[in-house]
Amino acid sequence: MLNVCSRSNCTRQPIFQDASQRILLQPQRLQSLLNNLDSASHQRSRFDACVRIGSTVTLRQRANGEQITFQVVTPQRAVPLNHKISILSPIGSAVLGCHRGARIKLDWRGQESCWEVMKINSK
């Protein structure tokens with residue numbers, strides 16, 4: 001089990017870092033990212049919030065209950081230490097298009113972590 005967070009170093013972990021080459025070189029991951037971007041751009045109403053570029057998201061790690069809040073941004077605006085996470089990071093691409101209550105499972109370099117979307121604030 002990957003223990004991703006400890007409040008002081010959570011965004012320094014690999015799942016929060018840019019993984020554009022890994023995503024862009026794997027057609028299946030790229031297709032998943034494109035599908036998530038498409039889904040996020042078709043929000044039905046303000047009461048049906050989903051994660052999109054610019055959203056601030058609070059996730060809870062299911063293994064230990066720790067929470068992290070970050071903004072999903074384009075790669076050019078990403079600064080993980082300031083909780084601005086790229087859509088090309090493993091966790092950024094996974095949350096795109098998700099709704100509150102969604103569960104996300106990430107397998108990063110053979111280690112698994114599970115998260116739940118607790119809160120979404122969209123601009």
Side-chain angles (χ1 to χ4, degrees):
M1 177 66 70
L2 175 65
N3 184 8
V4 175
C5 290
S6 73
R7 288 186 176 91
S8 62
N9 74 350
C10 194
T11 56
R12 295 177 191 214
Q13 299 296 325
I15 65 168
F16 293 94
Q17 304 301 315
D18 186 282
S20 55
Q21 285 197 353
R22 186 178 178 137
I23 290 172
L24 297 175
L25 293 176
Q26 295 179 3
Q28 196 170 27
R29 285 184 185 253
L30 179 58
Q31 185 62 51
S32 177
L33 174 62
L34 293 173
N35 289 342
N36 290 349
L37 280 167
D38 184 55
S39 174
S41 68
H42 291 73
Q43 182 180 6
R44 291 175 284 233
S45 76
R46 65 184 181 104
F47 299 108
D48 188 30
C50 71
V51 179
R52 65 178 82 207
I53 295 173
S55 295
T56 299
V57 182
T58 300
L59 298 180
R60 180 178 60 87
Q61 189 176 18
R62 296 184 46 120
N64 61 18
E66 286 194 56
Q67 293 189 5
I68 180 137
T69 300
F70 58 89
Q71 184 179 22
V72 179
V73 298
T74 59
Q76 301 86 344
R77 296 191 58 222
V79 183
L81 291 176
N82 292 339
H83 298 272
K84 292 182 183 282
I85 306 300
S86 170
I87 61 168
L88 295 180
S89 69
I91 204 158
S93 63
V95 299
L96 274 176
C98 287
H99 296 270
R100 188 171 160 266
R103 294 183 178 175
I104 301 160
K105 185 183 286 187
L106 293 173
D107 184 12
W108 182 253
R109 297 181 181 161
Q111 296 182 349
E112 187 177 278
S113 63
C114 298
W115 302 82
E116 183 175 355
V117 178
M118 304 302 292
K119 188 176 179 182
I120 303 167
N121 289 323
S122 295
K123 291 185 173 187

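When reading the values below, keep in mind they use all heavy atoms of this one structure, side chains included, and skip hydrogens, waters and symmetry mates.
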About how many Å separate [atom2] of [Y] and [atom1] of [X], when rounded to the nearest 0.5 Å?
X: Glu116; Y: Lys105; atom1: CD; atom2: NZ; answer: 14.0 Å
X: Gln76; Y: Leu88; atom1: CD; atom2: CG; answer: 8.5 Å
X: Leu106; Y: Ile91; atom1: CG; atom2: CD1; answer: 5.0 Å

Output yes when a side-chain donor or acceptor of Asn64 lies under 3.5 Å from a complementary backbone atom of Glu66, and no otherwise.
yes

Given 3.5 Å as the limit, does a donor-acceptor pair link the side chain of Gln71 with the main chain of Gly54, or not?
yes

Identify the two heavy atoms, one from [X] and one from [Y], that lie closest to each other, and give their separation to 0.1 Å.
X: Ala49; Y: His99; result: O-ND1, 3.0 Å
X: Val72; Y: Gly92; result: CG1-O, 4.5 Å
X: Ala94; Y: Ile104; result: CB-CG2, 3.7 Å
X: Gly97; Y: Cys50; result: O-CB, 3.9 Å

Looking at residues at least two apart in the chain, or sitting in another chain, which of them share a side-chain contact (heavy atoms from CB on, under 4.5 Å) with Thr58?
Gln67, Thr69, Met118, Lys119

pair Val57-Ile85: side-chain heavy atoms closer than 4.5 Å:
no

How about CZ on Arg60, more than 12 heavy atoms from neighbouring residues, nucleotides or ligands closer than 6.0 Å, or not?
yes

Carefully, step by step, assess His83 and Ile68 under the rule side-chain contact (heavy atoms from CB on, under 4.5 Å).
CA-CA 9 Å; His83 298 272; Ile68 180 137; 3.8 Å; yes

Treat each ILVMFWY residue as a node, draw an edge where side-chain heavy atoms are under 4.5 Å apart, and state whether Val73 and Ile120 are in one component.
no

